[in-house]
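Data first, discussion second: the structure below is written as structure tokens.
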Amino acid sequence: MKRSKVNDLYLDLKCNAISALAVHPVNNDVAAKQIITGDVSGNLTISILRPNQQIQTVLRRSLESKITCLEVFVNIAGSTEFIAGDSMGSISAFNLFSRSWRLQVGQLVNSPDHNETRYDPAIRCMLSVILRDIHVENDGNTGKYLVRDAPSEQSFLLVCSGSPALILVQMGRIVRNLQLPCPMTYVYVQRKFLE
């Protein structure tokens with residue numbers, strides 16, 4: 001680790017070329033950050049950067065192929081999983097102790113109109129969200145619809161591969177596959193919309 005004159009921090013993570021990177025705060029230490037990297041050889045590394053600029057590597061795992069996407073998933077219970085998507089279309093979830101689950105999501109498929117177009121199975125983007133259930137009902141008198149909050153919230157992972165679909169994953173299982181007109185390359189949800 002070296003420091004430059006302009007106060008930049010250079011990290012030597014001892015891995016191949018980095019293909020995906022994520023930074024996340026450590027739960028019990030606001031000043032510390034978790035740096036999650038994935039490389040072209042399929043190596044996942046989780047390191048903690050402390051406020052005093054010390055780096056501690058806490059997890060190294062090897063996946064089967066190039067890591068294309070990383071996401072930090074915090075469920076409604078507060079537990080954290082590190083999720084890696086790879087070039088073969090699979091996603092794997094890890095906690096600091098072991099692999100929680102692995103799921104094949106992307107696959108090489110023909111286009112919906114059955115022409116010769118083939119979609120790449122690589123995971124392009126992921127986003128973890130917590131969605132609140134809502135209940136919509138007609139008030140019966142004025143014809144207006146009322147939206148009432150339901151008491152439950154659920155954690156989902158939104159996943160997009162090279163095919164034209166948005167896949168909702170919950171606890172390592174596909175719960176919904178929404179067909180889209182074209183493949184997506186980025187998923188973003190405005191947090192205010194979810195609150």
Do Val159 and Leu127 have side chains that approach each other closer than 4.5 Å (heavy atoms only, starting at C-beta)? no
Note, Ser128 side chain near Phe156 side chain (heavy atom, < 4.5 Å): no
Within one Ile-Leu-Val-Met-Phe-Trp-Tyr cluster: Val40 and Ile35, side-chain cutoff 4.5 Å: no
Tell me whether Ile91 shares a hydrophobic cluster with Ile174, the cluster being built from Ile, Leu, Val, Met, Phe, Trp, Tyr side chains joined at under 4.5 Å. yes
Are Met171 and Val72 linked, directly or through other ILVMFWY residues, by side chains that come within less than 4.5 angstrom of each other? no
Side-chain contact, heavy-atom cut-off 4.5 Å: Trp101 with Arg173? no
Could you see if Val23 belongs to whatever hydrophobic cluster contains Leu59? Use Ile, Leu, Val, Met, Phe, Trp, Tyr and a side-chain cutoff under 4.5 Å. no
Closest approach of Ile130 to Ser155 (non-hydrogen atoms, all atoms of both residues): CG1-OG, 3.9 Å
Do Phe82 and Ile46 have side chains that get closer than 4.5 Å, going by heavy atoms? yes
Are side-chain N/O atoms of Arg124 and Ser161 paired as donor and acceptor at under 3.5 Å? no
Would you find a donor on one side and an acceptor on the other, under 3.5 Å apart, between the side chain of Thr68 and the backbone of Ile123? yes
What's the shortest heavy-atom distance between Cys69 and Cys125, and which atoms? SG-CA, 3.6 Å
Indicate yes or no: at least one non-hydrogen side-chain atom of Phe73 is less than 4.5 angstrom from one of Val129. no
If every non-hydrogen atom of Pro121 is compared with every non-hydrogen atom of Ser87, which pair is closest and at what distance? CG-O, 4.1 Å
So with a 6.0 Å cut-off around CZ of Arg99, is the heavy-atom count from everything else above 12? yes
Can you find a heavy atom in the side chain of Val169 that is under 4.5 Å from one in the side chain of Val175? no
Do Leu157 and Leu168 make a side-chain contact, defined as non-hydrogen atoms from C-beta onward lying under 4.5 Å apart? no
Would you check if Ile83 and Met126 make a side-chain contact, meaning some heavy-atom pair closer than 4.5 Å? yes
Under 3.5 Å, is there a donor-acceptor pair between the side chain of Gln170 and the main chain of Gln154? no
Which of these passes side-chain contact (heavy atoms from CB on, under 4.5 Å) with Thr37: Thr45, Leu44, Ile67? Thr45
Treating Ser92 as the side-chain partner and Arg102 as the backbone partner, does any N or O pair qualify as donor plus acceptor under 3.5 Å? no
How close do Pro181 and Pro164 get, heavy atom to heavy atom, and via which atoms? C-CB, 4.3 Å
